[in-house]
Trainee: 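Pasting a structure below so you can have a look.
All ligand and atom numbering here is 1-based and tracks the order in the structure.
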Amino acid sequence: MTTGAVDRIFTRLAERGSGSYGLSEVSQLEHALQSAMLAEAQGGNDALIMAALLHDIGHLVSDADEALADKGIDDRHEVAGARTLGLVFGPEVADPVRLHVAAKRYLCTVEPDYFDLLSADSVRSLELQGGAMAPAEQAAFEAEPGHRAAILLRRIDDAAKVPGMETPVLQDYRDMAERLAAQRQA
Ligand SMILES: [Fe+2]
């Protein structure tokens, strides 16, 4: 995987990111850029910043209907996204993305106040995604190497839905993406 793969991902986000992000008033691209900026502001490393920027790319990599949750279907976007990102950037970027939905279920289970913070569409998709975790699922989640990064990503995801927030532009993250992809190749 080379520059071409990074190019395809960035082009997809640029071209299809204008659609709204769930029920919120920000677009997919605005949500992605806000997520990356928040990850950076929190001192996240490049892998976390890239994971934040691209965590919902799974919504955009397939041509499937983007509003499946409305129809009671879980699109498993975290799996499709992580598969694509893993090939290009490796597990440090892909694992938090793969686990960011599980992290929501985990936080709903272990932090009673967390559920109250969720947006309406996150609550709606939660049931489709399996609801709260059983103890064995919690233990399995905690055993995942990327679970701490996934929890950070989840909280960033929840906060990155602010209409009109000033952010960098997509191109500002291009060099970082190329660097991470090149490290994967090395
Ligand atoms: Fe998101």
Trainee: Within 2.8 Å of the Fe ion (ligand 1), is there any N, O or S atom belonging to H55?
Mentor: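 So H55 does bind the Fe ion (ligand 1) by this criterion.
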
Trainee: For the Fe ion (ligand 1), find the closest N/O/S atom on D56 and give its atom name.
Mentor: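 Going by distance to the Fe ion (ligand 1), the closest N, O or S atom in D56 is OD2.
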
Trainee: Apply salt bridge (charged side-chain N to carboxylate O under 4.0 Å, His left out) to R155 and E111, showing your working.
Mentor: CA-CA 12 Å; R155 295 191 197 278; E111 279 188 16; 2.7 Å; yes

Trainee: Does a side-chain N-to-carboxylate-O contact under 4.0 Å join D158 and R154?
Mentor: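 R154 and D158: salt-bridged.
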
Trainee: Taking only Lys NZ, Arg NE, NH1 and NH2, and the carboxylate oxygens of Asp or Glu, determine whether D121 and R124 approach each other closer than 4.0 Å.
Mentor: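 Answer for the salt bridge query: no.
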
Trainee: According to a 4.5 Å side-chain heavy-atom criterion applied to Ile, Leu, Val, Met, Phe, Trp and Tyr, with indirect links allowed, do L153 and L126 form part of one hydrophobic cluster?
Mentor: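 L153 does not cluster with L126.
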
Trainee: Please report, to 10°, the angle around the Fe ion (ligand 1) from atom NE2 (H31) across to atom OD1 (D157).
Mentor: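 The two atoms subtend 80° at the Fe ion (ligand 1).
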
